[in-house]
Amino acid sequence: TASSPPVWLLRGFKALWYQAAIISVIALSVSAIEEFNLGFYGPITSVDQVFLSIIVAADLDLRKHFEPPLVQRFGPPLVNISNIAPNLRFKVQTCDSNSDTAIGMRCGLNFFSGQNGYSPIGALVGGYHSAISTPVASLATLYKITQVSWASTSPALSNKKNYPFFLRTIPPDSVQGAGMWRFIEHFLISSVAFLNSQEPYGAGLLSAVSEQAANAEQGFRISAFSIVYMPGAGNYDPEEARSKVTLAKRTGLKFWFLAMGDDQFRGLAPVLREEGLLNGQYQFIGSEAVTYSAAPDVLPVGHIWFAPISRGAVWPAFEEMYRKMVLDDVLSPANRARYTVGNYEVPFDEATGGLLTSSVLANPEALPLEAPFIFDAAYTFFVAVNELLLQGVALQDIKDEVLLNKVRGVSFEGISGMVAFDKNGDRAASYQIQNAQPGPSGIQAVVTAVYSASTGIITPEEGVDLYWMVGATSWSIPEALASCDPGFWKDPDTRLCIECEPGTISAGGVVTQCQ
């Protein structure tokens with residue numbers, strides 16, 4: 001007969017059986033915990049696939065509290081939540097707007113009603129374009145879904161009468177507009193041409209700057225030229241834009257402010273080049289969407305733009321975590337299903353915008369400025385839902401005004417800095433004034449100054465000058481940008497360059513009349 005197995009082997013089998021039983025119980029208990037459905041949308045295929053990776057990073061960071069292997073891979077959670085509710089679980093659904101208002105609205109409707117084949121969401125992180133977030137916010141109000149945007153900056157969205165369920169982690173354009181006006185005052189710029197797209201973002205910035213100028217009784221210093229909003233791949237009409245650029249050129253103004261989404265600017269940029277506006281005789285100042293990287297093949301050295309300060313004390317720890325991520329964390333078949341990537345109207349793999357690659361994951365320093373605001377928008381809901389669960393509110397009751405009121409009161413240290421909201425659901429913030437300057441390894445973005453929303457002051461960075469598009473380096477306006485073009489004369493009172501009457505001429509410069 002066969003001999004009995006040794007005692008040590010029986011004990012080993014018994015220990016393994018107990019471990020397997022415990023793991024099974026844990027797995028069953030975890031699967032039995034109901035999840036809070038969180039929606040995320042943005043222009044993933046048209047602007048940048050990276051946006052998807054950031055919401056995944058936020059989800060992974062929350063799951064560290066319940067999945068020890070994630071801590072072993074990525075380190076401890078980045079956002080400090082001192083007391084975690086044992087039943088805090090989230091299911092993240094994602095949707096791509098493809099920078100198209102109709103598609104974005106369908107994202108919202110599917111999220112809110114469950115028409116996408118998934119359970120209706122309880123809260124929404126999104127979106128990017130104000131032109132899409134505005135109607136989505138109206139829809140969210142009907143469904144009483146709290147929405148936290150990470151990139152929509154239109155001042156109109158601060159109106160709580162119209163958009164009571166809308167908040168945002170990125171500061172509104174009322175702050176950026178005040179900074180732009182302060183730039184005009186700081187550098188004693190007599191007057192500027194203001195080109196904007198006719199949609200909530202561009203129009204909102206124009207309104208904010210114009211309001212500042214009107215309050216100072218100097219509205220004449222802003223000459224507005226609004227370009228029709230032309231969203232969607234292949235829909236940009238350069239001749240429509242050219243008609244407004246030509247009108248702006250006739251003013252003789254040297255300073256041009258550009259306020260539009262990066263998709264609109266990519267259509268406008270070739271027109272600016274063809275019209276001779278990149279020849280070193282003008283100066284562009286862009287909103288946070290019109291950075292040098294938006295059109296590096298067109299914009300010259302010296303371009304200036306505003307950028308909200310978006311990287312706080314926790315950001316370096318996020319960079320470390322992001323470098324440890326791999327593509328499968330986002331795009332494995334299981335994770336494509338987990339994050340509903342297969343439901344996009346425009347297939348993820350047919351994206352026309354920035355692509356998510358291993359090299360992108362290895363270089364978090366180059367992430368778009370909106371990235372931290374995505375992460376913190378998700379954590380706004382993680383923190384709020386956790387607090388409600390700890391207060392004994394049942395998960396099915398965390399909705400409507402119950403969730404909204406809790407979100408309004410959250411406060412935590414996120415990767416973009418301290419997150420808290422004012423009565424309008426906005427964040428006060430500071431803006432960097434960045435400048436494309438020549439560097440040892442090519443063109444680089446240099447922080448030249450900071451505009452503080454709380455003080456209204458522009459503070460230059462010590463030892464840093466502005467590099468102007470005319471080629472001069474200084475912290476004051478170069479003479480080439482202060483003088484008038486030939487055919488214009490300078491009004492000594494307003495300092496405006498005024499076109500000569502027909503039949504008269506002027507050599508330009510600082511002459512005060514035409515001959």
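Predicted model, so just to flag it, every value in this text is computed and none were measured.
Contact check for Ile145 versus Phe111: no side-chain heavy atoms found under the 4.5 Å cut-off. A 4.5 Å side-chain heavy-atom check between Phe165 and Gln147 finds every atom pair outside the cut-off. Contact check for Thr448 versus Gln434: no side-chain heavy atoms found under the 4.5 Å cut-off. In this structure, Leu299 and Met469 have side chains that are not in contact, with every pair of non-hydrogen atoms separated by 4.5 Å or more. In this structure the side chain of Phe421 reaches within 4.5 angstrom of the side chain of Val410, judged on heavy atoms. Side chains of Ser287 and Trp305 form no contact here, defined as non-hydrogen atoms less than 4.5 Å apart. Counting heavy atoms from C-beta on, the side chains of Asn98 and Pro43 never come closer than 4.5 Å. Contact annotation: the side chain of Gln264 never approaches that of Ile227 to less than 4.5 Å [non-hydrogen atoms, C-beta and beyond].
Between Pro372 and Arg311, the shortest heavy-atom distance links the atoms CG-CG, 4.2 Å. Contact record, Leu403 with Ala384: CD1-CB, 4.2 Å, taken as the closest heavy-atom pair. Closest non-hydrogen pair, Tyr322 versus Val360, comes out as CE2-O, 3.7 Å. In terms of heavy-atom proximity, Ala248 sits nearest to Ala193 at CB-CB, 4.5 Å. Taking each heavy atom of Leu206 and Ser226 in turn, the nearest pair found is CD2-OG, 4.0 Å. Heavy-atom minimum distance, Leu157 versus Ala137: CD2-CB, 4.2 Å.
Listed for the Gln437 side chain is a donor-acceptor partner under 3.5 Å among the backbone atoms of Asp465. In this structure, Arg168 contributes its side chain and Ser152 its backbone to a donor-acceptor pair below 3.5 Å. Of the possible donor and acceptor atoms, one in the side chain of Arg427 sits under 3.5 Å from a partner among the backbone N and O of Met418. With Gln49 contributing its side chain and Leu356 its backbone, the two residues share a donor-acceptor pair below 3.5 Å. A distance-only check finds a donor-acceptor pair linking the side chain of Asp61 to the backbone of Leu78 [under 3.5 Å]. The backbone N or O of Phe225 sits nowhere less than 3.5 Å from a side-chain atom of Lys244 that would complete a donor-acceptor pair. Panel note: side chain Lys144, backbone Leu404; no donor-acceptor pair is recorded below 3.5 Å. Checking side-chain atoms of Asp173 against main-chain N and O of Gly204 turns up no donor-acceptor pair under 3.5 Å. Checking side-chain atoms of Asn279 against main-chain N and O of Gln281 turns up a donor-acceptor pair under 3.5 Å. Asp48 places no side-chain N or O within donor-acceptor distance of the main-chain N or O of Phe51, the cut-off being under 3.5 Å.
Side-chain contact check for His129 and Ser97: no donor-acceptor pair (N or O, by modelled atom type) lies under 3.5 Å. Counting only N and O atoms by type, the side chains of Tyr41 and Ser133 include a donor and acceptor under 3.5 Å apart. A donor-acceptor pair shorter than 3.5 Å cannot be found between the side chains of Thr134 and Tyr163. Asn116 and Gln93 form a side-chain donor-acceptor contact under 3.5 Å, judged by distance and modelled atom types alone.
Within the structure, salt bridge (Lys or Arg N to Asp or Glu O under 4.0 Å) pairs that include any residue of residues 349-376 comprise Arg323-Glu365, Arg336-Asp349 (at least two apart or interchain). Evaluation of the side chain to side chain donor-acceptor pair (under 3.5 Å) test over residues 204-217, restricted to residues two or more places apart or in two chains, returns none.
Put simply, CE on Met260 and CG on Leu205 are 10.0 Å apart, with the number rounded to the nearest 0.5 Å. In this structure, OG in Ser154 is found 8.5 Å from CZ in Phe166, a value given to the nearest 0.5 Å. Interatomic distance, OH of Tyr282 versus CG of Leu253, reported as 9.0 Å (0.5 Å rounding). From Leu355, atom CG reaches atom CZ of Phe348 across 8.0 Å, with rounding to the nearest 0.5 Å. Rounding to the nearest 0.5 Å places CD1 of Ile132 at 8.5 Å from SG of Cys107. Here Glu240 contributes atom CD and Leu268 contributes atom CG; the two are 11.5 Å apart, rounded to the nearest 0.5 Å.
Applying the side-chain contact (heavy atoms from CB on, under 4.5 Å) test between Leu52 and each of Thr45, Ile44, Ile374 identifies Ile44 as the sole match.
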Check step by step if side-chain contact (heavy atoms from CB on, under 4.5 Å) holds for Asp96 and Ile103.
CA-CA 8 Å; Asp96 166 51; Ile103 295 177; 5.7 Å; no
Tell me, with the steps shown, if Phe257 and Asn196 meet side-chain contact (heavy atoms from CB on, under 4.5 Å).
CA-CA 8 Å; Phe257 279 73; Asn196 68 284; over 6 Å; no
Show, in sequence, the C-alpha distance, side-chain angles and deciding distance for Ile433 and Val450, and conclude whether the side-chain contact (heavy atoms from CB on, under 4.5 Å) test is met.
CA-CA 6 Å; Ile433 298 174; Val450 171; over 6 Å; no
Test log, rule side-chain hydrogen bond (donor to acceptor under 3.5 Å, both in side chains), inputs Ser99 and Asp263
CA-CA 8 Å; Ser99 299; Asp263 60 324; 4.7 Å; no
Could you give me the CA-CA distance, side-chain angles and deciding distance for Leu124 and Val148, then say whether side-chain contact (heavy atoms from CB on, under 4.5 Å) is met?
CA-CA 6 Å; Leu124 178 64; Val148 176; over 6 Å; no
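In this pair, Tyr128 and Trp150 present their aromatic rings tilted. The plane angle is within the 30 to 60° band. Between Phe265 and His303, the ring-plane angle classifies as parallel under the 30° and 60° cut-offs. Between His186 and Trp475, the two ring planes are perpendicular [angle over 60°; tilted spans 30° to 60°].
Here Phe318 and Phe375 bring their ring centres to under 6.0 angstrom of each other. Checked against the 6.0 Å centroid criterion, the rings of Tyr451 and Trp181 do not qualify as a close aromatic pair.
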